[in-house]
Enquirer: 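Dumping the structure here so I can ask a few things about it.
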Amino acid sequence: MTEADFAFLRLLLQQRSGLSLTADKRYLAESRLGILCRRRGIADLEALVRQLRLSRDPGLESAVVDAMTTNETLFFRDQTPFNLFRDVILPERLAANAASRSLRIWCAAVSSGQEAYSLAMLIDELGDRLAGWKIEILGTDISSEILEKARAGIYSQFEIQRGLPIQMLLKHFQQVGDKWQVSQRIRSMVEFKPHNLLERNDPFGRFDVIFCRNVLIYFDVPTKVKVLELLTPRLVPDGAFVLGAAETVLGLATKLTCDPQHRGLYRHPAMTAAPLASSPAPGLRPRPVVAVSALRG
Ligand SMILES: C[S@@+](CC[C@H](N)C(=O)[O-])C[C@H]1O[C@@H](n2cnc3c(N)ncnc32)[C@H](O)[C@@H]1O
């Protein structure tokens with residue numbers, strides 16, 4: 001690939017998705033876009049770039065973004081954020097929302113859905129205690145192709161073996177040929193929609209919990225700051241923001257701050273209206289704090 005073609009692709013990816021194509025990823029671009037060329041009957045990378053330059057075809061641009069995104073994910077990835085969700089965030093939000101009996105969770109950059117389904121399975125553990133609650137779990141991603149896989153909820157043996165506790169497999173999956181499908185009950189708890197984290201418009205409203213994990217690592221610093229700036233106002237007061245294990249807000253100009261008691265959990269101080277204890281707001285009828293049953297994988 002020529003320098004000029006690489007620079008063109010770099011700019012295209014940066015503008016369309018925020019993905020930062022550094023010089024050391026050149027080989028990755030050549031191999032992934034080579035596959036795209038073969039699939040689409042395009043002679044080579046030079047021809048691909050020529051077509052992109054001439055047509056500005058949004059479908060082809062999306063295909064390039066799709067080809068360059070890394071969709072690596074697994075059930076209960078890194079475990080700690082899910083323990084945090086089960087033991088801290090969920091009890092806290094259930095107490096805070098006892099009056100409205102609604103809970104909204106957003107997995108921004110959800111890839112093939114394992115993150116959202118992991119949260120749904122944890123919520124399902126609460127059983128009848130959530131009767132009458134409106135629970136929404138939204139999973140979004142820039143890649144429509146990966147969202148199709150997420151919606152189907154069908155995973156290979158390899159994907160199942162990575163992180164899913166056996167009791168969860170037995171309880172929530174059915175075998176379909178040599179693959180496994182998430183049960184209809186768990187699938188019905190999650191909705192998947194396309195969304196680009198760089199988009200300024202806010203089609204989804206505010207959330208109690210935002211998981212935005214393992215996507216900022218692919219962005220340069222100004223893009224990380226922009227994405228955090230766009231996501232922060234989408235949290236409710238006292239809402240919880242969770243990043244990936246290799247990600248942090250330290251050194252980034254953002255209003256989010258680390259929760260000193262829980263590593264990996266972030267909040268927006270300006271939106272923190274009350275102490276973070278699970279006590280109901282004044283005026284609300286006190287309700288018992290929901291005990292989230294232990295789940296050890
Ligand atoms: C490595 S996966 C992370 C999946 C999951 N959150 C996890 O931690 O396991 C990163 C995902 O970010 C998505 N992505 C990349 N750029 C994006 C953007 N600008 N807006 C939305 N999603 C994006 C990719 O398509 C990919 O599915």
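One-based numbering, in listed order, for ligands and for the atoms of each.
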Enquirer: Ring centroid separation for His195 and Phe204, is it under 6.0 angstrom?
Expert: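 For His195 and Phe204, the ring centres are under 6.0 Å apart.
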Enquirer: Give a yes or no answer on whether the side chain of Arg86 reaches the backbone of Leu122 with a donor-acceptor pair at less than 3.5 Å.
Expert: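 It does not hold such a pair.
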Enquirer: Does Phe207 have Arg234 sitting over its ring (NZ/CZ under 6.0 Å from centre, angle to axis within 45°)?
Expert: no
Enquirer: Would you say Glu46 has more than 12 foreign heavy atoms packed within less than 6.0 Å of its CD?
Expert: no
Enquirer: Considering only heavy atoms of Thr73, which atoms of ligand 1 have at least one such atom less than 4.0 Å away?
Expert: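 With Thr73 as reference, the close atoms of ligand 1 come out as 4 (C), 5 (C), 7 (C), 9 (O).
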Enquirer: Is Glu199 in contact with ligand 1, taking contact as a heavy-atom separation below 4.0 Å?
Expert: no
Enquirer: If you count the atoms of ligand 1 from 1 in the order shown, which ones are under 4.0 Å from a heavy atom of Glu115?
Expert: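 Near Glu115, the atoms of ligand 1 are 5 (C), 6 (N), 7 (C), 8 (O).
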Enquirer: If the cut-off is 4.0 Å to any non-hydrogen atom of Thr70, which atoms of ligand 1 fall inside it?
Expert: 1 (C), 2 (S), 10 (C), 11 (C), 26 (C)
Enquirer: Are the aromatic rings of Tyr117 and Phe173 close, with centres under 6.0 Å apart?
Expert: no
Enquirer: Considering both backbone and side-chain atoms of Ser143, is one of its nitrogen or oxygen atoms within less than 3.5 Å of a nitrogen or oxygen in ligand 1?
Expert: no
Enquirer: Less than 4.0 angstrom from a charged side-chain N to a carboxylate O is my criterion; do Arg267 and Glu92 meet it?
Expert: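 So Arg267 pairs with Glu92 through a salt bridge.
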Enquirer: For Thr69, which part has a heavy atom under 4.0 Å from ligand 1: side chain, backbone, both, or neither?
Expert: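 Just the side chain.
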Enquirer: Donor-acceptor check, side chain of Arg93 to backbone of Val88, threshold 3.5 angstrom: yes or no?
Expert: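 No, because the side chain of Arg93 does not come within donor-acceptor range (under 3.5 Å) of the backbone of Val88.
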Enquirer: Can a cation-pi geometry be assigned to Arg26 and Phe6, taking NZ or CZ under 6.0 Å from the six-membered ring centre and within 45° of the ring axis?
Expert: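 Satisfied, under 6.0 Å and within 45°.
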Enquirer: Are Glu72 and Arg162 within salt-bridge range, i.e. N to O under 4.0 Å?
Expert: yes
Enquirer: Is the contact between His195 and ligand 1 made by the side chain, the backbone, both, or neither, using heavy atoms and a 4.0 Å cut-off?
Expert: backbone
Enquirer: Relative to atom 20 (N) of ligand 1, which among Leu197, Leu74, Val242 owns the nearest non-hydrogen atom?
Expert: Leu197
Enquirer: Among all protein heavy atoms in this structure, tell me which lies nearest to atom 25 (O) of ligand 1, with the distance rounded to 0.1 Å.
Expert: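 Of the protein heavy atoms, Asp141 OD1, 2.6 Å lies nearest.
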Enquirer: Looking at ligand 1, is there an atom of it that comes within less than 4.0 Å of some heavy atom belonging to Gly18?
Expert: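 The answer is no: ligand 1 sits nowhere under 4.0 Å from a heavy atom of Gly18.
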Enquirer: For atom 7 (C) of ligand 1, what's the nearest protein heavy-atom neighbour? Residue, atom name and distance, please.
Expert: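 Among all protein heavy atoms, the one nearest atom 7 (C) of ligand 1 is Arg77 NH1, 3.3 Å.
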Enquirer: Can you sort out which atoms of ligand 1 are near Ser111, meaning under 4.0 Å from one of its heavy atoms?
Expert: 4 (C), 27 (O)
Enquirer: Nearest protein heavy atom to atom 15 (C) of ligand 1, by residue and atom, and its distance?
Expert: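 Of the protein heavy atoms, Val215 CG2, 3.7 Å lies nearest.
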Enquirer: With atoms numbered from 1 as shown, which atoms in ligand 1 lie under 4.0 angstrom from a non-hydrogen atom of Arg213?
Expert: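 Result: 3 (C), 5 (C), 6 (N), 7 (C), 8 (O).
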Enquirer: What residue and atom, counting heavy atoms only, is the protein's closest point to atom 19 (N) of ligand 1, and at what distance?
Expert: Ser17 O, 2.7 Å
Enquirer: Quick one about Asn83 and Thr80 (side-chain donor to acceptor, distance below 3.5 Å, no hydrogens or angles considered), yes or no?
Expert: no
Enquirer: Phe211 vs Phe82 aromatic rings, parallel, tilted or perpendicular, using cut-offs 30° and 60°?
Expert: tilted
Enquirer: Looking at non-hydrogen atoms alone, which of Leu13, Asn214, Ile142 comes nearest to atom 17 (C) of ligand 1?
Expert: Ile142
Enquirer: Is there any N or O on Ala109 that sits under 3.5 Å from an N or O of ligand 1?
Expert: yes
